[in-house]
Amino acid sequence: MLDAATWAGCLGGDRFLTQTHHRSYAHFPGVADTAGLFSWDDLNRIIATQRLEPPRLRLSVDGEMVPLYRYAIPTTNRRAVTWSRIQPSDFHAQLRDGASLVLDAAEKIHPAVGAAAEGLERFLGTSVQANVYASWTEREGFGRHWDDHDVVVVQLHGSKRWRLWGTTREAPTFRDVESPEEPESDPVADLVLSPGDVLYLPRGWWHSVTADQGTESLHLTFGTVPHTGADLMLWVVDQLRASLALRRDIPRFGSLAEQSDFTDAVRREVADMMADPRLVERWAQSLDTTDLGHAIPSLPYVDGLPARGEITVKLTTPRGRLTANREQGTVTFSAAGTAWDFAEPAAPALGTLLTNQPTTLGELADSAGLEVKEVAELVSVLIDGHAVAVVGTAL
């Protein structure tokens, strides 16, 4: 299982975070145990049972998307709902001729991949999307390109060749003033990934990928959401909305002196906040506690949880915070955009929830020395706030 601790072991822990992350590529041969993570059988089942329209499921060759009509036909049911049905023979023909298959957001429809994405999110502190890639030939599905986000690649089956070039524009973004130029130098690395290999690639690094090793290839790419100085400034502005200087109307039609006084007042407010040495730490805490995570219902329990110790629950977001308020004798539990204050004895149960592992009401009660009924009431409050969900009904 690729939980946060396992990801840290695969990638190198604190050394990765302080010396490699956002800086350079890194190849970790054979570090990932991929058993049960994602297989060809899983891919076949998903394609056969899910209605996956492009770009969720797509084929690409030589950097171009293959038109849907070449491997699927529109199908309409008796209620006039139409979707695209994969035609296996045509689908196989496109893949045999060099197309690569992409399945976006596999973490949403495959539990093992979802757990791995959550684990990586806990380790890196940012949202993660996992895409499946499958290739059969030496033709490149996407050509040489760069991504606007970091990626962590896990090779599942077969082999894949990765040619890597450095950045031609430092820290390029999705919304940018100019595009990076194609690299003119030779690649800085030419790697062949085998099952269990992990590759980390920062955003902006050019790469070309091909299954030229004579075997079909299946891999997962975990893409991480970048956070830039521009994002920090947007957060700073949000925090300053309580300031009168930022609430005042811009004196568009005022005198030059009035306009200058206005901008000076705004500048002072921003400068004061930016002078806080703990600003990034405050931003990170806000990011972790306001991330909405995954909206998961808790059926059949629509009116609170019964006091049944075998009911299993889990935090719906990979990141949250627990803060002690010793003078008040309370703790603040913050997750999924809401904060709750609970009595201090609830802290062990809340801390267990923050491990992001499924746990029963009975286990939570034992950890805090509380009655199951008390824990059921506490968890029901968090369910109403979308921070916790039932993942085992015990019915």
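These numbers come from a predicted model, not from an experiment.
Judged by distance alone, the side chain of His219 and the main-chain N or O of Ser217 form no donor-acceptor pair under 3.5 Å. In terms of modelled atom types and a separation under 3.5 Å, the side chain of Arg169 and the main chain of Gly204 share no donor-acceptor contact. For the pair Asp150 (side chain) and Arg203 (backbone), a donor-acceptor distance under 3.5 Å is present. A donor-acceptor contact shorter than 3.5 Å links the side chain of Thr360 to the backbone of Glu363. In this structure, Thr316 contributes its side chain and His386 its backbone to a donor-acceptor pair below 3.5 Å.
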- [ ] Might you work through the side chain to side chain contact (heavy atoms under 4.5 Å, CB included) test for Gln94 and Val61, ending with a clear yes or no?
- [x] CA-CA 9 Å; Gln94 292 295 330; Val61 64; 6.0 Å; no

Test log, rule salt bridge (Lys or Arg N to Asp or Glu O under 4.0 Å), inputs Arg58 and Asp104:
CA-CA 9 Å; Arg58 62 191 184 275; Asp104 279 359; 2.9 Å; yes

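Within the 4.5 Å cutoff, the side chain of Leu156 has no heavy atoms near those of the Trp40 side chain. Counting only heavy atoms from C-beta outward, the side chains of Asp291 and Ser127 approach each other to under 4.5 Å. By the 4.5 Å heavy-atom criterion applied to side chains, Phe38 and Leu218 are counted as neighbours. Counting heavy atoms from C-beta on, the side chains of Leu95 and Tyr71 never come closer than 4.5 Å.
Contact check on Arg175 versus Asp148 returns no salt bridge, with no Lys/Arg side-chain nitrogen under 4.0 Å from an Asp/Glu carboxylate oxygen.
Atom OG1 of Thr355 sits about 6.5 Å away from atom CZ of Arg122, to the nearest 0.5 Å.
A side-chain hydrogen bond (donor to acceptor under 3.5 Å, both in side chains) check over residues 224-240, counting only residues at least two apart or in different chains, returns the pairs Thr126-His227, Thr228-Asp231, Trp235-Ser286, Asp238-Arg241.
A perpendicular orientation is assigned to the rings of Phe16 and Tyr200, their planes being inclined by more than 60° (bins at 30° and 60°).
Between the side chains of Ser135 and Ser100, at least one donor N or O lies within less than 3.5 Å of an accepting N or O. Residues Thr168 and Trp206 have side chains that bring a donor and an acceptor to within less than 3.5 angstrom of each other.
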